[in-house]
Undergrad: 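Got a structure for you, written out below as structure tokens; questions coming shortly.
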Amino acid sequence: MAIPSSEIDSTFSSLCNLVYANRLKEALNQLAVLMEGMHVADFTLQYEDLNQTYRMLLEYNFRGVPDPQRNTIFGKLKVSLLELADKVRQQAFALTGMHIYQLKLQIEKEKEIAKEEATRNIDNYSFKLEYTKLLNDSELSDQSAGNEIIPSVSPKLFQLMWLTDKYTDTDLLLVKAIRESESLPWYEKCLAVSAITLSLINCFDKEKFTVLSEFYQDRQPQVWQRAFAGLIIAAFIYDKRLELYPTIRTQFDNYRGDEDFTTDLNNFLLQILKALETENVTRKFREEILPDVKKFESKIREKLDIDNIINSEIIEDKNPDWEQIFEDSPDLLNKIEKMSEMQMEGLDLFMGTFAMLKNFDFFREISNWFRPFYKENETAQNSVGDEIQGKWDFLAGLEDSFYMCNSDKYSFCFNVKHLPAEQGRNIVSLFNMEAESMRELSSEDKLLNKPGKDAFIFTQYIQDLYRFFKLHPFRNDFRDIFSLKWDISDSWLVQNLADNTLILRNAAEFLFSKMHYSDASGIFLVLAQKSEPDQAVYEKLAYCYQMMGNYKLALENYKRAELFDSNRLWSLKKIIFCYRKLGDNESALKWSIEAAALEPDDAYLQTMLGNCYLDMHQFETALDHYFRVEILSAENKKILRPIAWCCFVLGKLDLAHNYFQLILADEPTANDLINSGHVELCSGNKPKAMEYYIAAISSGGINLQQFTETLDFDKRYLLANGVDPTEIQLITDYLRFR
């Protein structure tokens, strides 16, 4: 019986982690689990050889036999174990009957013949007619050498490059010919790079890293960005495995101090993070933007809601002086509407719109999910009738459009073809007008110059990848790169850079702006540990911890931020808030007094002082500060509750009565009604007190048991105001009869 694909993945992942942890015997046991029922002689022989080699290595080591080659042998053993695991994993998937593995079996028979023919006919600088025949899957009639057709990467060649697990010398010759060909158009090379990328995602191969690196180094526009994407995706997938392959690490070491590489990596990782926001953006678009377009600690604290006297926005407010570090195109963003703004930032607004437009025949061929859009494409030309005015401008505009990915451009064309003629003409006309406006904006803001153009190409390609991995009918057969944990700060690749500060900062800022505080905190923590971090790093790290509910760590970092000269009052307020959340009223009071000395007329600080004194039962002092808040923030009705309560506790019943009347006039809570009843009871107005108590229970905000607990808690204040203790005991029984 075939092992389920999910179990294959989990077992393989566990095996790899055991190898990285040097627990090879356990890894061998996991490999044996994957091999169960396969009966592949080659796998069995390799497994037994690895098992025996490891056993002998351990025997020699613990017998005390000196072996200067031990570490080298151990490293090679780990590599061999992983390489065998790769093969076994692929075979295990093949046994599940998954679609791509059925396709793989179909082309397996033709593969060697095709490669041998390609090897014989390859020229390093151009494709000859025989090789063009292979690439195009077409039979050539009697054509002269002067009538060579333009070579292309055929669907069959795409499949061969994609579904080959480990590249042989013949495969590498094919790739080299494609890369160095002067006659193969850029868009065909892009397809080849995508096939190599998919192949590397599916199965580790150090040679694929090398060829993608070579495509990247060539810097051919559109091609190198896709090669770079493949390199970085693979580097994150196989992060821990790279340590075992010196040749791959050397390739990346060569980029260590390369400013262009760092810039490219920064742009790419930002676009990946944005792609991970696609589901949130789609939901936001559906729930928020579309509707707009269509329209054009203690019981006292709980009772009085004192922590919410000041609007919660003050607690969660971000520092107004924080620099808006993450912003792609500020000049342009002021000139276009919200939808365009989000798309221009690289956030994928169109995923939901075009998700239903991937059922055209064009998308039945996997290679077309990765085909760049170019106006010369016959498929695109045929999708728009010649009778439509502005057809060629429309196709040229689509090619130049940087806010729509290639896959969606084809969907757009096919959709126009299926619309009524008049509607199709109108859409083409409107698009051409919009395209002209965008060209003007692009020229004015220089958006399509370096490095902005590279960022947009990354965006488009990543969105093409997103649609493939999320929408393809056989998406469950693929390793979804967007379900990976893109742990940027722990990545060997990022850590290996000469200076990764910019990349880490931009990633942290983006995650922070999207309220992914847990992920952002990990990166801000790394930044905080660098030499001379700026104040905002500590502030935002503290804010992340605060929003995660870790007030102790938040407090530590707010204190570090407070040591800087600027924004000190903001930090002090956060420190006070954290101390109160931790229940340390004495420290909260100390910092509140210090902060109030800087800004005595700050309503928030006066509220915190009042709250601290209230929790410490210093009601007279608390009342003084609450009165100040009432003056400083007259529109804030929440301050009436603690004022009324303090007046009640201090025996100022008339004043308490007046304040509670104001409270009762504006959507009172059950606690407001109970507290008003207390004042009436202490004033001798028992009927009115009972009326308030009954209303509190009837409101549904509190039941009789909860009322009894509240009454018991408040008993000391009722006694202090002269209420007979016997009567207090009778109140609950009285209410039971109501």
Side-chain angles (χ1 to χ4, degrees), residues 297-312 580-581 583 585 607 610-620 622-623 626-627 630 636-738:
E297 266 40 4
S298 66
K299 187 71 177 178
I300 293 292
R301 193 178 300 186
E302 179 184 346
K303 282 168 59 66
L304 305 182
D305 198 22
I306 62 174
D307 285 326
N308 292 318
I309 294 171
I310 297 297
N311 194 303
S312 60
R580 285 187 56 75
K581 296 298 287 187
N585 285 311
T607 301
N611 291 350
C612 289
Y613 284 119
L614 180 69
D615 285 343
M616 297 168 71
H617 293 184
Q618 298 183 34
F619 300 110
E620 194 73 59
L623 187 58
Y626 289 142
F627 278 143
E630 185 183 22
N636 185 0
K637 303 303 180 184
K638 293 181 179 180
I639 195 63
L640 301 179
R641 287 190 175 92
I643 290 176
W645 177 260
C646 287
C647 290
F648 162 64
V649 171
L650 293 169
K652 302 177 181 181
L653 299 180
D654 289 342
L655 196 55
H657 174 82
N658 293 337
Y659 274 100
F660 275 123
Q661 289 305 304
L662 294 173
I663 294 169
L664 295 178
D666 187 19
E667 299 182 3
T669 66
N671 276 321
D672 293 332
L673 292 164
I674 293 172
N675 293 337
S676 298
H678 289 350
V679 172
E680 297 298 337
L681 183 65
C682 294
S683 300
N685 192 348
K686 297 178 186 178
K688 192 64 175 178
M690 296 307 113
E691 180 182 325
Y692 283 136
Y693 293 154
I694 293 169
I697 297 172
S698 300
S699 69
I702 193 170
N703 59 36
L704 187 58
Q705 177 62 33
Q706 292 168 323
F707 173 83
T708 302
E709 293 171 359
T710 300
L711 188 64
D712 185 60
F713 178 85
D714 295 343
K715 183 176 180 179
R716 76 192 83 170
Y717 306 116
L718 295 172
L719 293 174
N721 276 290
V723 177
D724 188 326
T726 303
E727 282 196 345
I728 296 175
Q729 295 173 349
L730 297 176
I731 291 174
T732 302
D733 282 345
Y734 174 77
L735 296 178
R736 292 184 193 277
F737 285 101
R738 307 306 296 175

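What you are looking at is a predicted structure, and each value in this text was computed from that prediction instead of being measured.
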Undergrad: So do N671 and R641 actually touch side chain to side chain, heavy atoms under 4.5 Å?
TA: no
Undergrad: What's the shortest heavy-atom distance between V723 and C682, and which atoms?
TA: CG2-SG, 3.7 Å
Undergrad: With a 4.5 Å heavy-atom cut-off, do I702 and L673 have their side chains touching?
TA: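 Heavy-atom side-chain distance check fails, nothing below 4.5 Å.
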Undergrad: Do the ring planes of Y717 and F648 sit parallel (below 30°), tilted (30 to 60°) or perpendicular (above 60°)?
TA: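 Taking F648 first and then Y717, their aromatic rings stand perpendicular (interplane angle over 60°).
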Undergrad: Walk me through it: do I731 and M690 pass the test side chain to side chain contact (heavy atoms under 4.5 Å, CB included)?
TA: CA-CA 8 Å; I731 291 174; M690 296 307 113; 4.2 Å; yes
Undergrad: Which heavy-atom pair separates N721 from V649 by the least distance, and what is that distance?
TA: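 For N721 and V649, the tightest heavy-atom pair comes out as ND2-O, 4.4 Å.
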Undergrad: So, the side chain of D712 versus the backbone of E709: is there a donor-acceptor pair under 3.5 Å, distance only?
TA: no
Undergrad: For E620 versus L650, what's the shortest heavy-atom pair and its separation?
TA: OE1-CD1, 3.7 Å
Undergrad: Between Y693 and H678, how do the two ring planes meet: parallel, tilted or perpendicular, split at 30° and 60°?
TA: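 Aromatic pair Y693/H678 classed perpendicular.
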Undergrad: Compute whether any side-chain donor of one residue and acceptor of the other, for N611 and Y626, lie under 3.5 angstrom apart.
TA: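 N611 vs Y626: donor-acceptor pair found between side chains.
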Undergrad: Under 4.5 Å between any side-chain heavy atoms of E630 and L640, yes or no?
TA: yes
Undergrad: E691 versus E680: any side-chain heavy-atom pair under 4.5 Å?
TA: no
Undergrad: For a quick test of reading the model, state the closest non-hydrogen atom pair linking L681 to K686 and the distance between them.
TA: CD1-CG, 4.1 Å
Undergrad: Can you sort out the partners of N703 under side chain to side chain donor-acceptor pair (under 3.5 Å), two or more places apart, ordered by chain and number?
TA: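 So N703 forms no side chain to side chain donor-acceptor pair (under 3.5 Å) with any residue.
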Undergrad: Once rounded to the nearest 0.5 Å, what's the spacing between atom CD1 of I697 and atom CD of Q705?
TA: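 Spacing of CD1 (I697) from CD (Q705) equals 11.0 Å.
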Undergrad: Is any side-chain heavy atom of Y692 closer than 4.5 Å to one of K688?
TA: yes
Undergrad: Do you know the tightest heavy-atom contact between A696 and S699?
TA: O-OG, 2.6 Å
Undergrad: Roughly how far, to the nearest 0.5 Å, is the CG atom of D672 from the CD1 atom of I663?
TA: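 Going from CD1 on I663 over to CG on D672, the span is 5.5 Å.
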Undergrad: Taking all atoms of both residues into account, what is the closest heavy-atom pair of C612 and N585, and its distance?
TA: SG-O, 4.1 Å
Undergrad: Are L735 and T708 packed together at the side-chain level, in the sense that at least one heavy-atom pair is separated by less than 4.5 angstrom?
TA: no
Undergrad: Going from CD1 on I639 to OH on Y659, what distance comes out if it is rounded to the nearest 0.5 angstrom?
TA: 9.5 Å
Undergrad: How long is the span from the NE2 atom in H657 to the CG atom in L662, to the nearest 0.5 Å?
TA: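 Reported value, rounded in 0.5 Å steps: 10.0 Å.
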Undergrad: Report the distance from atom CG of L719 to atom CG of D714, rounding to the nearest 0.5 Å.
TA: 11.0 Å
Undergrad: Find the distance between CG (N658) and CD1 (I643) and round it off to the nearest 0.5 Å.
TA: 12.0 Å
Undergrad: Step through it carefully: locate the ring centre of H617, locate the ring centre of F619, and say whether they are under 6.0 Å apart.
TA: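 Close enough - the centres of the two rings lie under 6.0 Å apart.
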Undergrad: If you draw a 6.0 Å radius around CG in D733, do more than 12 non-hydrogen atoms from other residues or ligands fall strictly inside?
TA: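 Enclosed: over 12 neighbouring heavy atoms sit under 6.0 Å from CG of D733.
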